[in-house]
Engineer: 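Structure incoming, see below.
Numbers for residues simply follow the sequence, beginning at 1. Below, each value reflects all heavy atoms present in this structure, side chains not excepted, and no hydrogens, waters or symmetry copies.
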Amino acid sequence: MKQKRLLTVGVTLFAAASMLAACGGNTADQSSSSDSGSGSSTVELTLWGTYGAGSNSAQKDALEKEIIPAFEKANPGITIKYVDMPYDGLKQKLTTGAAAGELPDLIRTDLGWNAQFAKLGVLKQLDGNMPNYDALAAKVYPGLLGTTLYNGHHYGLPLDTNTRVLISNPDALSKLGVDKAPETFDELKDLAAKAKDAGGAVYAFADGDISQWNIMPWIWSAGGDIADPDQTKASGYLDSDKSVAGVQFLVDLYKEGQIPNAIIGNEGATKTQDGMPNGEYATILDGPWMDQIWAGSYPDFKPTYSKVPAGEGGSISVVGGESIVITEQTKDLEASYKFLEFTQSREFQLPMSKAGQMTVVAEYAAEEAEATPGTKIFSEQLKTAKSRLSIPDSGKVDEILKTELTPAFEGKVTVKEALTKAAQQIDPLLSAAK
């Protein structure tokens, strides 16, 4: 979709107008000046996003009724046209728009899409180009920066975030003679032993998949990783002793009957969102959205939230969320930079937090927790949380993990064999991303 700028600017006219203004000359007739802050011209930036997706319109309302008006008031001469789309529709629109050369100025993207579109050459590189990028990047949770990374450079800023923490059913724990959530691998293992001794009516832990989102907190917390820091090689990292230990911990619990087969995709297993409040599962890993889910389906359920059980590597979870990016087709790069800077401000982050999005800026966490106390444990977890592989084929990595790890859970191959085979298939994907 081609967007229309209200007034087109020439570099020469801009320079001339600036010189006249500096000399006190009358620039009233220089209506083609692109100085967005002067009020002498207007630029309309188009933003695509999915704030209205689902039944909750609070985020879209916050953006359109509070945040965009605040930005436009602070930046006379710049207006924002927001175009809302369904989640799947946005991904398709980006794909076709990239191919046709018809993209907006700004996009709120899923963090898993950044590398794919950066590789296509349709996103602006920010590091080394955006004047205050380093200062803005320094304020976000460290693990979030990996979500905008592609081939050694950053193509966006984190916009909103989330992570997974341990959620426990206090009644289920009490039935097993436990008065607090497990804080370490060993304590979760002890909980599983108690559940087994109690006859297996309660599973110690449950999850619904073995993708990066699900398996990486255990690998990282055990001290392992999926690849080297530069994301060039998985072999020697994903199948290292520590990575194997993280997955082996889950496989052992599964073999002891203390993790349901939902973790390997059995459609007949109880979903975690139901098994947790029903008392079938003592603990799960999940995100801040669960409160809203349970408020509607299980209003009397009062879970407890704590950090991911710590292993040798500490307590480390995985980051989720969205990014804000500038496309190569932006009609006014400086105006787009101003909007990106605004998205990192208190005026953007805190209203969105109240509407259900967690802030990416660590210094706002205390204010966020005061307004929404349930976010505090997630903010604590975000201090050490990490991003999944930031490569165009990240989705294929998830498929590889599920394909190769399922036989390990079923006892058909060892965890070492499964991770080695997975690493060998991920290596070419990392090479192709460069």
Side-chain angles (χ1 to χ4, degrees), residues 164 184-186 188-193 195-196 200 203-228 231-272 275 281 283-285 308-313 316-318 386 388-389 391 393-433:
R164 307 182 91 204
T184 65
F185 278 28
D186 287 342
L188 181 53
K189 186 176 180 179
D190 290 342
L191 176 65
K196 187 174 182 179
Y203 288 99
F205 175 75
D207 207 344
D209 208 342
I210 45 178
S211 66
Q212 294 178 83
W213 178 249
N214 309 84
I215 210 77
M216 288 312 300
W218 302 100
I219 289 178
W220 285 323
S221 295
D225 211 333
I226 193 168
D228 66 297
Q231 297 188 11
T232 63
K233 187 178 182 182
S235 293
Y237 294 88
L238 181 58
D239 54 351
S240 69
D241 290 345
K242 290 184 177 180
S243 293
V244 169
V247 177
Q248 189 68 57
F249 176 75
L250 294 180
V251 169
D252 289 344
L253 293 184
Y254 180 81
K255 290 180 177 178
E256 293 169 7
Q258 290 310 307
I259 297 180
N261 57 10
I263 198 168
I264 56 173
N266 186 288
E267 296 181 358
T270 305
K271 294 182 179 179
T272 53
Y281 306 148
T283 66
I284 63 173
L285 291 188
V308 171
E312 287 189 22
I316 303 177
S317 194
V318 59
K386 297 182 179 182
R388 288 158 281 179
L389 287 177
I391 60 173
D393 288 324
S394 186
K396 290 183 180 179
V397 173
D398 291 332
E399 295 174 8
I400 290 168
L401 288 174
K402 288 187 278 190
T403 298
E404 301 306 333
L405 285 177
T406 296
F409 277 85
E410 295 172 336
K412 297 177 181 177
V413 298
T414 67
V415 172
K416 176 71 171 181
E417 290 170 337
L419 290 179
T420 296
K421 192 172 181 181
Q424 290 170 346
Q425 296 172 66
I426 294 172
D427 284 341
L429 300 182
L430 295 175
S431 297

Engineer: Kindly determine whether I215 and D209 satisfy side-chain contact (heavy atoms from CB on, under 4.5 Å), including the steps that lead there.
Structural biologist: CA-CA 8 Å; I215 210 77; D209 208 342; over 6 Å; no
Engineer: Is there a donor-acceptor pair under 3.5 Å between the side chain of Y281 and the backbone N or O of T270?
Structural biologist: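 Yes, because the side chain of Y281 sits within donor-acceptor range (under 3.5 Å) of the backbone of T270.
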Engineer: If I take atom OG1 from residue T406 and atom NZ from residue K412, how far apart are they, to the nearest 0.5 angstrom?
Structural biologist: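 Here the rounded value is 9.0 Å.
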Engineer: Quick one: closest heavy-atom pair of P407 and E404, and the distance?
Structural biologist: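 Shortest heavy-atom separation between P407 and E404 comes out as CD-O, 3.3 Å.
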Engineer: Short question: side chain of S243, backbone of Y237 - any donor-acceptor pair under 3.5 Å?
Structural biologist: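 Flag set: sc S243 to bb Y237 pair under 3.5 Å.
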Engineer: Please step through side-chain contact (heavy atoms from CB on, under 4.5 Å) for the pair V308 and L285, ending with a clear verdict.
Structural biologist: CA-CA 8 Å; V308 171; L285 291 188; 4.0 Å; yes
Engineer: Would you mind reporting whether L191 and F205 have side-chain heavy atoms less than 4.5 Å apart?
Structural biologist: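 F205 vs L191: side chains apart.
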Engineer: Quick one: closest heavy-atom pair of D239 and K416, and the distance?
Structural biologist: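 Nearest pair, atom of D239 first, then K416: O-NZ, 2.6 Å.
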Engineer: With rounding to the nearest 0.5 Å, note down the distance linking CG in D207 to OH in Y254.
Structural biologist: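 Nearest 0.5 Å value for the CG-OH distance: 13.0 Å.
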Engineer: Rounded to the nearest 0.5 Å, what separation is found between the CZ atom of F409 and the CG atom of L250?
Structural biologist: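 Going from the CZ atom of F409 to the CG atom of L250 covers 5.0 Å.
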Engineer: Would K421 and E417 count as a side-chain contact (heavy atoms from CB on, under 4.5 Å) here? Give the steps.
Structural biologist: CA-CA 6 Å; K421 192 172 181 181; E417 290 170 337; over 6 Å; no
Engineer: What are the two closest non-hydrogen atoms of A408 and A418, and how far apart are they?
Structural biologist: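 Taking A408 first and A418 second, the nearest heavy atoms are CB-CB, 4.0 Å.
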Engineer: Check whether any side-chain heavy atom of D393 sits under 4.5 Å from a side-chain heavy atom of L430, and report yes or no.
Structural biologist: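 Contact flag for D393/L430 side chains = no.
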Engineer: Kindly assign one of parallel, tilted or perpendicular to the pair F185 and W218, based on the angle between their ring planes and the thresholds 30° and 60°.
Structural biologist: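 Aromatic pair F185/W218 classed tilted.
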Engineer: Dump the intermediate steps for side-chain contact (heavy atoms from CB on, under 4.5 Å) on V244 and T414, then the final yes or no.
Structural biologist: CA-CA 9 Å; V244 169; T414 67; over 6 Å; no
Engineer: Could you tell me which non-hydrogen atom of V415 sits nearest to which non-hydrogen atom of V251, and how far apart they are?
Structural biologist: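 The answer is CG2-CG2, 3.8 Å.
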Engineer: To the nearest 0.5 Å, how far apart are CG in D398 and CG in L389?
Structural biologist: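 Separation between the atoms: 9.0 Å.
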Engineer: Can you tell me if D241 has over 12 outside heavy atoms packed within less than 6.0 Å of its CG?
Structural biologist: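 Result for CG/D241: open.
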Engineer: To the nearest 0.5 Å, tell me how far Q212 CD sits from S394 OG.
Structural biologist: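 Rounded to the nearest 0.5 Å, the CD-OG separation comes out at 4.0 Å.
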Engineer: What do you reckon, is CD of E312 surrounded by more than 12 foreign heavy atoms closer than 6.0 Å?
Structural biologist: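 No, CD of E312 has 12 or fewer neighbouring heavy atoms, counting only those of other groups under 6.0 Å.
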Engineer: Is T283 reaching over with its side chain to a backbone N or O of A204, donor-acceptor style, under 3.5 angstrom?
Structural biologist: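 The answer is yes, because a donor-acceptor pair under 3.5 Å joins these two groups.
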Engineer: Counting N and O atoms only, with roles assigned by atom type, does the side chain of T184 sit under 3.5 Å from a partner on the main chain of A310, one being a donor and the other an acceptor?
Structural biologist: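 No, because the side chain of T184 does not come within donor-acceptor range (under 3.5 Å) of the backbone of A310.
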Engineer: Provide the closest heavy-atom pair for S221 versus I316 in the form atom of the first, atom of the second, distance.
Structural biologist: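 That would be OG-N, 3.0 Å.
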Engineer: Out of curiosity, R164 CZ to M216 CE, how far, rounded to the nearest 0.5 Å?
Structural biologist: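 R164 CZ to M216 CE: 12.5 Å, rounded to 0.5 Å.
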Engineer: Looking at every non-hydrogen atom in both residues, tell me the closest pair between L401 and I210 and how far apart they are.
Structural biologist: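 Distance-wise, the nearest heavy atoms are CB-O, 3.8 Å.
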